[in-house]
Visitor: 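Before I ask anything, let me first share the structure, which is written out below as structure tokens.
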Amino acid sequence: MKTWILIFGLIYAGLLIFASLKSYKKGRSVEDFMLAGSSIGMLLGVLTYAAALFSTFTFLGMPDFFRRHGVGAWIFLAVSDGAMVFFILWFGYHIRTRVRQLGFRGVAGLISNCYGNKWAGYIIFLTAFIFLIPYVGIQIQGISIFMGAAFPGFIPSWGWSVGIVIVMLVYSEIGGLKAIVYSDAIQGVLLLTVLWIIGYNCLSAFGGLEAMFDQVEMDNVALLSTPGPEGLFSAQFFIASMIAIVMIPVTQPQLTTRLVVMKSMKSMHLMAVAVGAFAILVITPTIFIGMYGASFLKDSLGEYPVAQQANAFFEEVFLYRQPNAIAALALVGLIAAGLSTTNAQIFALGSELRGLLKMEEKMVMRITKIGIFIFALIALLFSELIKDQIAMLARVSFAGTALMGPMILLGILSRRKVSTFIIYASLLGLIVFLLSLTGIIPQNYFGIRLDLILFAALATAAYISYQMSPHSTQTN
Amino acid sequence: MKDKKLKQWRILRLIALGLCLLTFTPVVIPKGVFTPELFGIPYSLWTSFLITVALVWLTYLGTKVHRTDEEEEVRP
């Protein structure tokens, strides 16, 4: 397998080098570096948006979600993604219109300008930092675990993590956002290919679709319906997840940026449709992989403590039970997925930081680059500390950033100078959510999830803020 | 023409919202029930799969009626 890893690894590295050199332009402007000249066409747009959205979380998290919680995982991600792409049509139009009026230096900077209040930007940046860094950290950790399994005893796990972060930093430093977009495109194609090959192998092991569900019915019938064996998939869970996922283009800066840098509104519209189709294509094989784990690996995984089952499942299904060439391709695909997503998120944090700085552009750029370096270091540190389920951590990340949705939407939609009430309400919402995550306060009240309550409260606060604002012109 | 498109866009929004709400009801997620199956696929999976395809299709239709850059630029 090592030979295959070397072959695919070299091809992937070659493509990355080619892409970064193609993106490098002497004397490029800050806009070129941070926003890829705002000229991304439909095809690149689809792949970069999809790659930033479908990361290691889809590669590793979704098969594990299907394995543990059953078919409801489709509703959790695919139906929510369907709603999200529809929402992009509406939101994309409004944010692009606003960007034409105010310019774009990251979501935090844009919203600061919309409200005429720097605290709005600070809170958005803080939220992105709090929820993106652990997510990036766990992706780095996921890759290092896999590399450790493929090359046992070669270097310690943290060595792989450091290597990944160095590649990421060098790559984004040379090529900027355009290089990241190209690497996303490579990853998007690789992700789809690998998941379908492994998914097909898993489905073949059952002997077809019908045989697969018959087998699962015998092994664990609760996987075939909601709420699933552990009772996770309640209607409330789905509603809260859908809100969190629909808010992704609003509140996850790496994805908002991708809507803004599309060449035209038409390209962005077509991109939304294609991302929806991509979501269906990429999530479908994860059903087969998850069901394979639930049936064929049921007994062997049962020997591990629950916390270690996910990693054992990944190694077994992606590496040990595949032909060498496929396992090697899966490994390179995983590296690509992790690298492009972490790159996109760390770069987006840098971009958000840039939007908050008001000084000479050369100095802003220098501080932004130092910021990107520091964010990567913190994510690296987290990768050694976090031990959690990747899909659940991703969901918490989406839910946490979604809390900023009402404030961002109001800032973008309103043509009035909006009351600052929503800004402080959002900060309070963030603090309450963090307290619930740390277990200081409960996560349910009167049988309702706290994230749902908070979102409803902040949406109401946004409405009140709007009503408290002096009238000038009409909103959309 | 513009009014007609706006009306169509509103209808699409209503259908999309309706489909999303339907997903959270026992019509799509009956507790502990996996029949009737379609080609062996459990009930909640095939119904939610169809809803996902419908949402993507609605998005496509939305691109035909939603405002674009060009229209925005000619507005006063």
Visitor: With a 4.5 Å cut-off on side-chain heavy atoms, are B/Leu12 and A/Phe86 touching?
Guide: yes
Visitor: Which region of A/Glu217, side chain (C-beta onward) or backbone (N, CA, C, O), has a non-hydrogen atom less than 4.5 Å from a non-hydrogen atom of chain B, or is it both or neither?
Guide: side chain
Visitor: Against chain B, label A/Ala222 side chain, backbone, both or neither, depending on which of its atoms sit under 4.5 Å from a heavy atom there.
Guide: neither
Visitor: Taking atom types as modelled, find out whether A/Trp74 and B/Ser44 have a side-chain donor-acceptor pair closer than 3.5 angstrom.
Guide: no
Visitor: Do you know the tightest heavy-atom contact between A/Phe213 and B/Leu45?
Guide: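 Between these two residues, the closest heavy atoms are CZ-CD2, 3.6 Å.
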Visitor: Verify side-chain contact (heavy atoms from CB on, under 4.5 Å) between A/Thr284 and B/Phe49, making sure each step is shown before the conclusion.
Guide: CA-CA 9 Å; A/Thr284 301; B/Phe49 184 88; 4.1 Å; yes
Visitor: Work out which heavy atom in A/Glu210 is nearest to a heavy atom in B/Gly40; give both atom names and the distance.
Guide: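 Looking at all heavy atoms of both residues, the shortest contact is CG-CA, 3.4 Å.
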Visitor: Quick check on B/Phe39 against chain A: is it the side chain, the backbone, both or neither that has a heavy atom closer than 4.5 Å?
Guide: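 For B/Phe39, backbone heavy atoms alone lie under 4.5 Å from chain A.
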Visitor: Do A/Phe233 and B/Ile29 have side-chain heavy atoms sitting under 4.5 Å apart?
Guide: no
Visitor: What part of B/Leu21 gets within 4.5 angstrom of chain A, counting heavy atoms only: side chain, backbone, both, or neither?
Guide: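 Neither part.
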Visitor: Identify the two heavy atoms, one from A/Val71 and one from B/Pro42, that lie closest to each other, and give their separation to 0.1 Å.
Guide: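 Where A/Val71 meets B/Pro42 most closely, the heavy atoms are CG1-CG, 4.1 Å.
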Visitor: Evaluate whether atom CG of A/Leu43 has more than 12 neighbouring non-hydrogen atoms of other residues, nucleotides or ligands under 6.0 angstrom away.
Guide: no
Visitor: Given a strict heavy-atom distance threshold of 4.5 Å, which part of A/Ile280 is in contact with chain B: side chain, backbone, both, or neither?
Guide: side chain
Visitor: So, for A/Leu89 and B/His66, which heavy atoms are closest and what is the spacing to 0.1 Å?
Guide: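 Taking A/Leu89 first and B/His66 second, the nearest heavy atoms are O-CE1, 3.5 Å.
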Visitor: Pick one of side chain, backbone, both or neither for A/Ile287, based on which atoms fall under 4.5 Å of a heavy atom in chain B.
Guide: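 The side chain, not the backbone.
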Visitor: Applying side-chain contact (heavy atoms from CB on, under 4.5 Å), run through A/Ile75 and B/Ser48 and close with a yes or a no.
Guide: CA-CA 6 Å; A/Ile75 299 172; B/Ser48 58; 3.5 Å; yes
Visitor: Is there a side-chain contact (heavy atoms from CB on, under 4.5 Å) between A/Met242 and B/Cys20 once you walk through the steps?
Guide: CA-CA 9 Å; A/Met242 184 178 277; B/Cys20 291; 3.9 Å; yes
Visitor: Heavy-atom pairs under 4.5 Å with chain B - which of A/Ile239, A/Ile283, A/Val85, A/Leu209 has more of them than the others?
Guide: A/Ile239
Visitor: More than 12 foreign heavy atoms under 6.0 Å from CZ of B/Phe24: is that the case here?
Guide: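 Yes.
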Visitor: Give me the atom names and distance for the closest heavy-atom approach of B/Thr59 to A/Ala272.
Guide: CG2-CB, 4.2 Å
Visitor: In a check of side-chain contact (heavy atoms from CB on, under 4.5 Å) between A/Val79 and each of B/Ile51, B/Thr47, B/Leu19, B/Val28, which one passes?
Guide: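 Output: one option passes, namely B/Ile51.
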Visitor: Using non-hydrogen atoms only, which part of B/Pro30 is less than 4.5 Å away from chain A: side chain, backbone, both, or neither?
Guide: backbone
Visitor: Can you tell me which portion of B/Trp57 sits under 4.5 Å from chain A's heavy atoms? Options are side chain, backbone, both or neither.
Guide: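 Contact with chain A: none, neither part.
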Visitor: At a heavy-atom distance under 4.5 Å, which candidate from A/Ala83, A/Ser225, A/Gly82 has the highest pair count against chain B?
Guide: A/Ser225
Visitor: Would you check, one step at a time, whether the test side-chain contact (heavy atoms from CB on, under 4.5 Å) holds for A/Asp81 with B/Thr52?
Guide: CA-CA 8 Å; A/Asp81 281 342; B/Thr52 312; over 6 Å; no
Visitor: Ignoring hydrogens, what is the shortest heavy-atom contact between A/Pro227 and B/Gly32? Give both atom names and the distance.
Guide: CD-N, 4.4 Å
